2 protein chains.
Amino acid sequence: MKLTLHTDYALRTLIYLGIHTDRLVSIREVAQVYGISENHLVKIIHRLGLGGFIETARGRNGGLKLARPASEIGIGDVVRYTEEDLGLVTCMQPEQAAAGHCCILSDVCRLRGVLGEALASFMTVLDHYTLEGMITPDERRRLGGREAGQAGNLSASDLKPAG
Amino acid sequence: MKLTLHTDYALRTLIYLGIHTDRLVSIREVAQVYGISENHLVKIIHRLGLGGFIETARGRNGGLKLARPASEIGIGDVVRYTEEDLGLVTCMQPEQAAAGHCCILSDVCRLRGVLGEALASFMTVLDHYTLEGMITPDERRRLGGREAGQAGNLSASDLKPAG
DNA sequence: ATAAAAGGTGTAGAAATTATACATCTTACG
DNA sequence: CGTAAGATGTATAATTTCTACACCTTTTAT
């Protein structure tokens, strides 16, 4: 059991945006800072936009920013949204649950209830935290003074031109 | 985020064994009842044996049984054992955590702590239940009177001979 | 108006994980 | 000894996840 990189990246992107609320941040910047695939990040960020977590601006000087203050973005909400498949066992997959015939244990299967309860508990913990809580002074220091290679070993002008 | 089929099957097998405590159950029987691959189940069951959850007996009239009463087998323990990889994000993978340099968020990353707490909460819920709690009278009725095709649509003698 | 910068979208393929099948060995019982 | 049942290892198939590439759309600066 683990969260997908999808969720991992989404959370990190949000944290980064939460630190840089004074300006728009480009996808490329986020990808470079964390050393992850820009192409992959594009899709994750797009989804975050659809989900209303961030606002995007196209065109020159465009970029990303949080749609709401970090204090109003719940970690649980992000995970719930990013992690599409929260059915823990085959019993809980929508198709099967809908059809009513999951495993032979069927609807009297307590397993489903217990796992569901555990999952709810998991989410409840996450719901107690907001993005703001993820941003410590230490991190702000680490990722905050970035402009010219504080965060990584690259300067803003090092970004490859286009092709 | 979801548990592997591995865990799913392991739990179901244990439930089945918990219902049939009066005799040894063969792997083939479990596989047929749930309609899952016998070959796959073999390995899962082997691991359950290594983990001390069940006892196996080889040879003619061999089979499986719970190593302890169902009331002493915690669901959390089973999941913890079966689900090897409980690191929720790359931050938490042992290799990386050990090396101390996970993501650039590094050790001041609160994310890790929060996800860890959520996971602990998840497991705590599971720890409140034992295998015994998973076995309801309904299920016992459903899987209990099996001998000749109550559970599936097969009789004990329908099991394919060998090759 | 045009060019450049940045996000949006779709597809294809690589890599990793998970599940299944097959073959063979070991053990226990009769 | 022969058979039934678990133990083990390997190989293949299926699925999921990740990456790369190509091209489109929108916005802004000149």
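Note on naming: letters A, B, ... go to the chains in the order of the sequence lines (proteins, then strands), and numbering restarts at 1 for each one. Since the structure is predicted, the reported quantities are computational estimates derived from the model, not experimental observations.
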Next on the checklist: Quick one about B/T130 and B/S71 (side-chain donor to acceptor, distance below 3.5 Å, no hydrogens or angles considered), yes or no?
Outcome noted: no
Checklist entry - What does B/G49 touch in the nucleic acid at a heavy-atom separation under 4.0 angstrom: a base, only the sugar-phosphate, or nothing? => result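 It contacts nothing in the nucleic acid.
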Checklist entry - Nearest nucleotide by nearest heavy atom, which residue falls closer to the 5' end of DNA chain D, A/H40 or A/G59? => result A/H40
Item to check | Separation of A/L66 CG from A/H20 NE2 (nearest 0.5 Å) | outcome: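 The CG atom of A/L66 is 11.0 Å from NE2 of A/H20, to the nearest 0.5 Å.
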Checklist entry - Can you find a side chain N or O atom of A/T56 that sits less than 4.0 Å from OP1 or OP2 on C/dA6? => result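 For C/dA6, OP1/OP2 do not have a side-chain N/O of A/T56 under 4.0 Å.
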To check you understand the geometry: which heavy-atom pair defines the closest contact between [X] and [Y], and what is its length?
X: B/V33; Y: B/Y16; value: CG2-OH, 3.7 Å
X: B/S37; Y: B/A31; value: C-CB, 4.4 Å
X: A/L11; Y: A/V79; value: CD1-CG2, 4.4 Å
X: B/S121; Y: A/F122; value: OG-N, 4.4 Å

Round to a whole Å and report the spacing from [atom1] of [X] to [atom2] of [N].
X: B/H6; N: C/dA19; atom1: NE2; atom2: C1'; answer: 11 Å
X: A/I44; N: D/dT17; atom1: CD1; atom2: C1'; answer: 11 Å
X: B/F53; N: D/dG6; atom1: CZ; atom2: P; answer: 20 Å
X: A/I36; N: D/dA20; atom1: CD1; atom2: P; answer: 12 Å
X: A/E55; N: C/dG7; atom1: CD; atom2: P; answer: 14 Å
X: A/E38; N: C/dA6; atom1: CD; atom2: P; answer: 10 Å
X: B/E29; N: D/dG6; atom1: CD; atom2: C1'; answer: 15 Å
X: A/R23; N: C/dA6; atom1: CZ; atom2: P; answer: 12 Å

Checklist entry - Is there a donor and acceptor pair, one atom on the side chain of B/R58 and one on the base of C/dT26, closer than 3.5 Å? => result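 Yes.
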Among [options], the one nearest [X] by side-chain distance:
X: B/N61; options: D/dG6, C/dC29, D/dT19; result: C/dC29
X: A/L64; options: C/dG7, D/dG6, C/dT9; result: C/dG7
X: A/S37; options: C/dG8, D/dA7, D/dT19; result: D/dT19
X: B/R60; options: D/dA4, C/dG8, D/dC21; result: D/dA4
X: A/H46; options: D/dC18, C/dG8, D/dT3; result: C/dG8

Please list each protein N or O that sits under 3.5 Å from an N or O in nucleotides 11-17 of chain C, with the distance.
unit_1: C/dT11; atom_1: O4; unit_2: A/K43; atom_2: NZ; d: 2.5

Checklist entry - Is it true that B/K43 and B/E38 make a salt bridge, defined as a side-chain N closer than 4.0 Å to a carboxylate O? => result no
Item to check | Given DNA chain C, 5'-ward residue of the pair B/A57 and A/A57, judged by closest heavy atom | outcome: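 It is A/A57 whose nearest nucleotide is closer to the 5' end.
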Checklist entry - More 5' along DNA chain C: B/N39 or A/G62, using each one's nearest nucleotide? => result A/G62
Checklist entry - Is the ring centre of A/Y34 less than 6.0 Å from the ring centre of A/Y9? => result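 No: the rings miss the under 6.0 Å criterion.
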